[in-house]
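Each remark here refers to the structure printed beneath this line.
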Amino acid sequence: MSTHQLTLTVNGEQHHLQVDAQRSLLDLLREELGLTGTKKGCNAGDCGACTVLMDGAPVNACLVLAVQTGGREITTIEGIASGDKLHPLQEAFIEHGAAQCGFCTPGVIMNSIALLRETRQPTRAEIQEALSGNLCRCTGYFQIIDAIAAVAASGEPV
Amino acid sequence: MAIGSIVGKGVARVDARGKVTGQTKYAGDMRLPNMHHGKLVFSPHPRARVLAIDCSAAVAMAGVKRVITARDLTGSGRYGYDVAHRPVLVAEGEETRYIGDVVAMVVAVSEELASRAAQAVVVRYEVLPPLTSPRQAMAEGAYLVHADAPGNRCCKREFSHGDVVAGFARSEVVVEHTYKTPRQEQAFLETESGVAYQDEAGVVHVLSSLQDPYGVAEDIHLALAIPKSRIHIKGTPVGGGFGGKLNTTIQVHLAAMACLAGVPVMLVLDREESFIFHAKRHPTEIRLKLGAKRDGTILAMEGEVISDAGPYSGRSPEVVGLTMSALLGPYRIANVATRAQGIYTNNLDSGAFRGFGAPQAAIAREGLLDKLARELGLEPLELRRRNFLQPDSRPASPMLGDSPVSLEALAEKIIARMGPKPEPAVGSSKRIGRSICFDMPVFDVGAIPTLGKSGVGATVEVHSDGGVSVYAGGTELGQGITTVLAQFAADQFGLPMEAIRVEMSDNWTCPRAGRTSASRLTFGLGNALLLAIEAVRQTLLTRAATTLGIAREELRFVAGQVQSCSAPERAIAFAELAQLCWDKGDNLREEGWFRAAEDRYMYGHTFMAAGADVAVDLATGEIEVLKLANVLDMGKVLNPVMAYGQIYGGAVQALGYALMENMVTKDGLAKTPSFAEYAIPTAVDIPFEFVAEGIETPYPTGPFGAKGIGEAALNCTTPTLLNAIADAIGVELDAIPVAQEHILAAIHQQKRI
Amino acid sequence: MIPFDYLKPATLEDLLEGLRSANGEGALLAGGTDLHVKMRLGLKSPRLLFDISELAAARNIVEAEGSLRIGACVTMSELMASPLVARLAPSLAEAARSMSCRQIRNRATLGGNIVTASPAADSVPALLAADARALIVGPGGLRELALAELLLGPGRTALGPGEVLLEVLLPLPEAGHRSLYFKVGRRRAQAISVISLAGGLSLAADGRIGSARIALGAVAPTVMRARQAERFLEGELPSAVNLAAAAALAGEECSPITDVRASGAGRRLLVEAWTHRLLQQLCATSGDDAGGNRP
């Protein structure tokens with residue numbers, strides 16, 4: 001086993017950490033930084049509940065080693081609201097009933113942010129395609145797609 | 001209900017903000033001082049005798065706090081709903097009954113270490129041949145999974161009505177077929193999780209993801225001999241349940257670990273453990289027979305259900321019973337003989353899953369109705385309409401009910417919503433099929449003696465600052481009950497939603513409310529809360545009447561005030577009134593207790609219609625769900641955003657059941673225990689067009705006329721998809737899931753005939 | 001999971017040196033989408049991980065010396081976004097698109113998809129149908145190998161100790177060559193292939209089929225070429241009868257097993273049906289050259 005010095009930025013804040021080689025980014029966030037908004041649904045890259053942005057791209061945090069994130073910028077669900085003002089996608093998810101049990105929600109929102117930053121006006125089919133890595137067992141996805149489409153249509157910056 | 005009431009509006013969920021910000025603390029997100037981690041050692045064999053358990057290597061590992069086997073347990077060491085025959089830990093000398101049986105558990109300082117210590121527990125087994133199908137288990141001479149269950153029969157239910165022999169004798173057309181359904185996994189995103197600790201007073205606190213805090217307390221009491229007064233169960237926000245967390249899951253194990261290790265313990269199952277551990281939808285084989293007159297009048301039904309109950313009883317008697325009852329559906333059938341059996345095997349466990357046995361029945365019934373329609377040369381929809389229950393008729397079924405029958409209204413609505421059937425492009429190898437099916441999903445109104453425990457309590461308290469607390473022991477699974485109850489309180493007190501705080505799922509702070517299942521909370525808990533609220537309202541009104549000098553009957557709760565109906569300017573602010581009551585010593589905390597009349601035996605019925613248009617490419621077998629529509633008679637749509645959310649979610653689970661889901665076992669081992677192999681629908685698998693709609697025929701005893709709707713969409717949506725596919729390809733289908741290769745095989749088979 | 005050490009070699013030379021001294025106990029980490037899962041399940045337990053995800057020598061997509069050269073550490077997302085791949089290997093871009101989901105495609109690499117040697121690997125049919133070759137570097141220097149010879153069986157490759165797949169070389173398609181990729185899964189995304197197939201075809205001036213290449217995934221121990229079907233088609237007219245006959249041959253010459261995803265017999269039916277569809281679309285006079293659709 002080896003430990004590694006690591007400097008990474010999470011939600012705009014720089015952290016200097018010592019991590020074990022086998023520590024996943026997901027466990028680093030949840031266990032060492034206390035950011036439990038990112039969920040562990042399968043720990044195998046099959047469900048998307050741990051989706052975070054790494055240098056802006058959505059990845060499954062369970063499949064990234066913490067040591068691989070040196071110098072990178074990580075954004076989690078805790079890092080997207082501005083103080084008390086929620087992110088437009090968070091507002092839209094509330095309004096459209098896009099969260100039921102809520103367990104998949106952080107991952108879905110993080111992936112949606114990445115989508116809307118890449119494609120400002122996605123079609124419904126593009127939204128569906130982009131979300132295909134985020135399993136949701138409650139909503140049947142309809143209201144999630146509605147929420148994302150509403151933010152896309154609003155033109156609000158994400 | 002006051003004009004402009006919040007009841008019926010799609011107000012935001014009260015728990016939404018926490019969920020979209022990641023602040024909601026699920027059980028696995030909790031961190032307690034000195035918290036240790038537990039790990040279960042599962043049996044790798046579906047059936048084996050445990051010869052010896054050697055914990056010495058695990059015990060010797062630094063950081064391992066405690067290793068526990070059956071001999072460490074006090075109490076019976078057994079638990080379980082219906083029959084308390086499930087061992088917490090399988091002891092040396094005993095046999096395992098499935099791969100979800102636990103033989104030891106480890107408590108260590110970290111999850112990683114607990115895992116390694118669990119692997120270091122050495123168990124010697126004598127591997128024995130398992131029973132892996134109900135047929136095999138029913139055979140003469142088969143070994144008994146439970147010594148007290150001859151023939152491995154877990155349960156048997158029978159129903160007869162009229163004279164089925166005469167009914168078939170008078171029938172001009174008789175059809176019969178056998179349908180097979182697979183094991184469906186709830187696939188909630190949050191695995192079984194919890195934290196437990198014992199405090200200085202000896203109270204065991206279990207904070208866990210569950211659907212029934214009272215049932216869990218009962219099981220812990222049974223298994224570990226802890227007095228009920230010292231068991232505190234707090235349901236944490238549930239990351240999906242769908243019935244899979246209805247029975248006690250890991251909570252007995254958690255409590256035992258916390259007590260024996262003397263430290264707070266967290267246990268979170270990993271995905272594979274979760275998939276093998278909890279009880280799933282019963283795999284079922286249903287033989288069904290229908291007899292009818294030439295004009296389509298159904299005269300007789302005969303049905304035989306055999307369900308794989310898995311290793312333990314649990315909910316099987318109830319679920320299998322409902323499969324049998326639901327065979328009749330929303331149709332008048334004068335002569336009926338049906339029978340259902342749940343059979344013990346060493347496969348994965350079977351139990352509750354949204355729909356509770358009824359979806360299997362709907363597949364057989366609606367499939368056979370289409371076959372009957374073809375035999376009769378009738379439109380399938382017309383056949384169904386000719387046999388609908390009539391508004392004045394009660395079902396000839398064990399599922400008696402008092403819900404107004406609204407099938408014709410549903411039929412009209414679904415026809416309108418489906419619109420004209422689309423045509424495939426000219427020259428395309430695609431064919432389009434359509435189906436419309438009906439059902440009468442049940443919800444528990446507290447009048448089913450076999451379920452017992454029918455009373456439901458809820459408490460409301462108005463604080464001196466005018467804020468309101470609701471204590472309701474049901475559990476928020478994501479279905480929205482917290483929000484519905486807040487809407488009720490806001491409506492009744494004339495307050496904004498923000499003034500209401502709802503505390504749920506806690507056997508200490510909330511009156512007994514029973515389990516969160518059978519789509520029962522809106523009805524039962526809602527009614528209990530309304531009773532509680534009414535009691536507090538009366539106190540408030542009395543005080544307001546005295547203070548304002550207005551007759552109580554003249555007063556109403558609106559816009560944060562109690563005011564005169566005729567002269568609204570004569571009013572007292574709600575908060576001011578609450579403070580006044582406080583000062584005067586009035587009791588503003590009341591418990592409502594709702595119990596159905598004892599002489600009744602019935603269910604509520606949420607009548608529904610489902611329609612589907614499906615395109616199937618005859619050349620490749622490719623299936624596209626073009627359109628899916630669900631219309632439910634909800635009695636009253638309390639919150640359309642959440643109500644339709646229940647329909648969308650249930651319907652997509654039904655779609656998964658129809659097209660892809662199957663938790664495969666071989667020799668009692670799970671072959672698909674991951675989200676990679678157990679496919680559930682993703683965002684690109686949903687219908688191209690989806691209609692969710694409610695009609696409102698008020699249910700007289702429902703709160704605001706509402707019914708339970710949580711499970712309904714699942715019921716007849718699967719057969720609607722299946723029948724639409726069959727319509728497209730012109731070949732009957734009798735097993736799910738249906739994939740491309742099944743379509744190709746069916747077409748080939750038909751060509752050969 | 002067994003504890004391991006992590007190294008990130010800066011250069012190819014450092015990597016090869018590291019692998020040498022690891023003495024067979026090292027493993028390469030590129031996207032990690034497969035390796036992490038196998039390690040957590042205890043199926044693999046390397047002592048040392050060499051992170052090659054940013055190894056410059058394996059990160060390029062270039063057109064050179066009559067080949068499209070793709071670095072082994074190019075991610076699926078990068079394949080999808082590459083104009084070169086879109087132009088020169090559209091069926092590979094489609095294969096990449098069909099793989100799993102965005103989060104995975106952002107990490108998973110082409111090289112990883114190849115060396116896991118799964119019969120259901122999404123990219124491999126497109127590569128085999130393009131007669132791709134593997135550029136391998138190891139203790140003995142560089143060597144080139146036909147991709148078909150690299151893949152020996154489920155989870156088995158011809159890579160020797162200390163050898164690393166560095167690049168994949170695709171011969172440039174001849175003018176008028178068309179290629180397609182199809183995948184059948186239990187669902188439309190995030191699916192492990194029930195079957196997959198890729199095909200390339202060129203029509204001669206006289207309307208006859210010049211060359212035909214058909215690769216089938218998840219129906220044999222390795223991704224395979226449907227040689228009998230290919231030979232049957234070459235020099236023939238693309239008539240309805242011929243295409244159907246070739247598709248039937250493909251269905252016969254594969255050797256699918258029954259597993260939790262489908263039966264062997266069902267897979268044969270799918271191979272025949274989708275090979276037929278593939279050939280029909282390749283021979284159609286109109287329509288896009290690239291793409292294909294998901295089942």
Side-chain angles (χ1 to χ4, degrees), chain A residues 1-6 19-27 40-72 107-108 110-112 114-115 118-119 122 125-135 141, chain C residues 1-8 26-55 73 75-78 80-81 97-109 112 183 185-192 293-294:
Chain A
M1 180 157 37
S2 63
T3 56
H4 298 258
Q5 291 291 340
L6 182 67
V19 296
D20 290 344
Q22 61 260 48
R23 193 64 131 175
S24 69
L25 172 59
L26 176 58
D27 286 341
K40 187 183 276 190
C42 70
N43 213 28
D46 297 325
C47 78
C50 66
T51 303
V52 298
L53 303 185
M54 183 155 82
D55 293 340
V59 297
N60 290 319
C62 70
L63 293 182
V64 177
L65 290 180
V67 297
Q68 292 182 291
T69 62
R72 295 188 183 264
V108 174
M110 296 316 293
N111 197 9
S112 307
L115 167 70
E118 282 164 31
T119 312
E126 284 170 328
I127 295 171
Q128 287 173 263
E129 178 56 46
L131 289 184
S132 67
N134 294 84
L135 298 181
Y141 305 101
Chain C
M1 190 161 55
I2 308 293
F4 56 82
D5 213 338
Y6 168 91
L7 289 171
K8 190 169 181 179
L28 300 182
L29 170 67
T33 55
D34 188 66
L35 183 65
H36 287 317
V37 179
K38 287 194 171 126
M39 286 169 66
R40 278 171 205 153
L41 291 173
L43 301 175
K44 283 197 171 162
S45 41
R47 190 176 59 78
L48 249 175
L49 282 193
F50 295 96
D51 183 351
I52 57 167
S53 58
E54 293 177 291
L55 192 70
C73 295
T75 66
M76 293 293 163
S77 293
E78 288 164 345
M80 284 165 63
R97 193 171 294 120
S98 82
M99 183 191 189
S100 192
C101 62
R102 241 151 63 103
Q103 291 95 315
I104 297 291
R105 293 192 296 260
N106 282 342
R107 302 289 295 169
T109 62
K183 169 173 169 174
R186 295 308 299 260
R187 56 184 172 188
R188 289 166 182 267
Q190 270 216 72
I192 304 172
N293 56 8
R294 287 189 325 267

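Protein chains get the first letters and strands the later ones, always in sequence-line order, with residue 1 at the start of each. Bear in mind the structure is a predicted one, so any value in this text is a computation, not a measurement.
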Got a second to check how far [X]'s [atom1] is from [Y]'s [atom2], nearest 0.5 Å?
X	Y	atom1	atom2	value
A:L115	A:M110	CG	CE	13.0 Å
A:L65	A:R23	CG	CZ	12.0 Å
A:N43	A:D27	CG	CG	6.5 Å

[X] portion near chain C, given a 4.5 angstrom heavy-atom threshold:
X	result
A:Q68	both
A:L131	neither
A:C62	both

Exercise for the section: Under the side-chain hydrogen bond (donor to acceptor under 3.5 Å, both in side chains) rule, collect the residues that match up with C:S100, sequence neighbours excluded. Expected result: none
Fill in the blank from the handout: Residue from A:S132, A:G45, A:C42 scoring the most non-hydrogen pairs under 4.5 Å with chain C is A:S132
Exercise for the section: Just jot down the salt bridge (Lys or Arg N to Asp or Glu O under 4.0 Å) partners of C:E54, sequence neighbours excluded, or say none. Expected result: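 Testing C:E54 for salt bridge (Lys or Arg N to Asp or Glu O under 4.0 Å), a comparison that skips the adjacent residues, returns A:R72, C:K8.
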Practice task
Could you pull out all residues at least two apart from C:R107 that satisfy salt bridge (Lys or Arg N to Asp or Glu O under 4.0 Å)?
Solution key: none
Handout entry: Residue part contacting chain A, namely of C:S77, when any heavy atom lies under 4.5 Å
Key = neither
Completion exercise
From the list C:R105, C:R102, C:R97, salt bridge (charged side-chain N to carboxylate O under 4.0 Å, His left out) partner of A:E129 resolves to C:R105
Exercise for the section: With side-chain contact (heavy atoms from CB on, under 4.5 Å) as the test, would you mind laying out the steps for A:D20 and C:F4 before giving the verdict? Expected result: CA-CA 9 Å; A:D20 290 344; C:F4 56 82; over 6 Å; no
Exercise for the section: Determine which residues belonging to residues 38-52 of chain C lie within contact range of chain A, meaning some heavy atom pair is under 4.5 Å apart, and list them by number or answer 'none'. Expected result: C:R40, C:L49, C:D51
